[in-house]
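Heads up: the structure comes next, in structure tokens.
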Amino acid sequence: MDQESFNKQLRENLPCVWEGLHAQVVEVSEDHVTVQIPMAGNGNDKGTMFAGASYSALVVAGWCLVMNQAFASGFKKPWAAIVDAHCHYAKPVAADALATATFAEPPVLVPGSRNWPKVTVQIGEQVAFEGVYAVGEQRE
């Protein structure tokens with residue numbers, strides 16, 4: 001999938017991410033996906049980004065990366081869901097955030113079976129995320 005396709009998915013299927021966080025996919029490749037969320041509208045009372053907003057960007061970036069790989073691996077109607085996640089907030093995010101997702105290890109996704117790729121996502125040096133996604137194929 002490309003950047004425009006992912007943004008259409010977010011707009012149509014995840015309005016809380018698209019309209020609420022104003023998240024947008026800004027880069028897609030085989031080995032990484034980058035999601036941007038603005039500081040405006042996602043801040044807290046300390047003048048930094050609300051942790052829940054940055055966490056959502058991390059999860060969405062990982063989801064896009066996994067879905068992109070599922071399509072590349074021959075899935076016709078893939079689904080993906082976060083099943084385990086760990087997040088470390090080293091420094092406050094004080095500006096627009098770019099969450100860049102990569103695979104922790106090269107994934108081998110097999111259509112017709114459950115898959116468990118591990119993803120890492122970074123917002124600069126501020127936030128580090130590790131997550132495992134379950135990936136499968138929707139039944140007709």
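Note that the structure is a prediction, hence the values are computed from the model and not measured. Sequence positions, counted from 1, serve as the residue numbers for this chain.
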Verify, without hydrogens or angle tests, whether [X] (side chain) and [Y] (backbone) share a donor-acceptor contact under 3.5 angstrom.
| X | Y | value |
| --- | --- | --- |
| Asn68 | Ser29 | yes |
| Asn13 | Arg11 | no |
| Asn7 | Val25 | yes |
| Ser5 | Met1 | no |

Are side-chain heavy atoms of [X] and [Y] found at a separation under 4.5 Å?
| X | Y | result |
| --- | --- | --- |
| Val66 | Phe103 | yes |
| Leu58 | Cys87 | yes |
| Trp18 | Gln24 | yes |
| Pro117 | Leu109 | yes |
| Val59 | Phe129 | yes |

From [atom1] ([X]) to [atom2] ([Y]), nearest 0.5 Å:
| X | Y | atom1 | atom2 | result |
| --- | --- | --- | --- | --- |
| Met67 | Gln9 | CE | CD | 6.5 Å |
| His88 | Gln122 | NE2 | CD | 10.0 Å |
| Leu21 | Ile37 | CG | CD1 | 5.5 Å |
| Asn42 | Ser56 | CG | OG | 8.5 Å |
| Tyr133 | Trp63 | OH | CH2 | 10.0 Å |

For [X] against [Y], the heavy-atom pair lying closest together:
| X | Y | answer |
| --- | --- | --- |
| Ala134 | Trp116 | CB-CZ3, 3.4 Å |
| Ala101 | Val119 | CB-CG1, 4.1 Å |
| Asn115 | Val108 | OD1-O, 3.5 Å |
| Thr34 | His32 | OG1-CD2, 3.9 Å |
| Ser54 | Ile123 | CB-CD1, 3.7 Å |
| Thr48 | Pro92 | CG2-CB, 3.5 Å |

When you look at [atom1] of [X], are more than 12 heavy atoms from neighbouring residues, nucleotides or ligands closer to it than 6.0 Å?
| X | atom1 | result |
| --- | --- | --- |
| Tyr89 | OH | yes |
| Glu4 | CD | no |
| Glu125 | CD | no |

Pair Glu105 + Lys118: basic N to acidic O under 4.0 Å: no
Residues clustering with Leu98 (ILVMFWY side chains joined when closer than 4.5 Å, directly or via others): Val26
Qualifying salt bridge (Lys or Arg N to Asp or Glu O under 4.0 Å) pairs with a residue from residues 13-26, counting only residues at least two apart or across chains: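 Pairs touching residues 13-26 that pass the test: none.
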Shared hydrophobic cluster for Val132 and Val127 (ILVMFWY, side-chain gaps under 4.5 Å):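 Cluster IDs for Val132 and Val127 differ.
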Connected via hydrophobic side-chain network under 4.5 Å: Phe50 and Met39: no
Below 3.5 Å, can you tabulate the donor-acceptor pairs from side chains in residues 69-83 to any protein atom, sequence neighbours excluded?
unit_1, atom_1, unit_2, atom_2, d
Gln69, NE2, Ser73, OG, 3.2
Ser73, OG, Gln69, O, 2.9

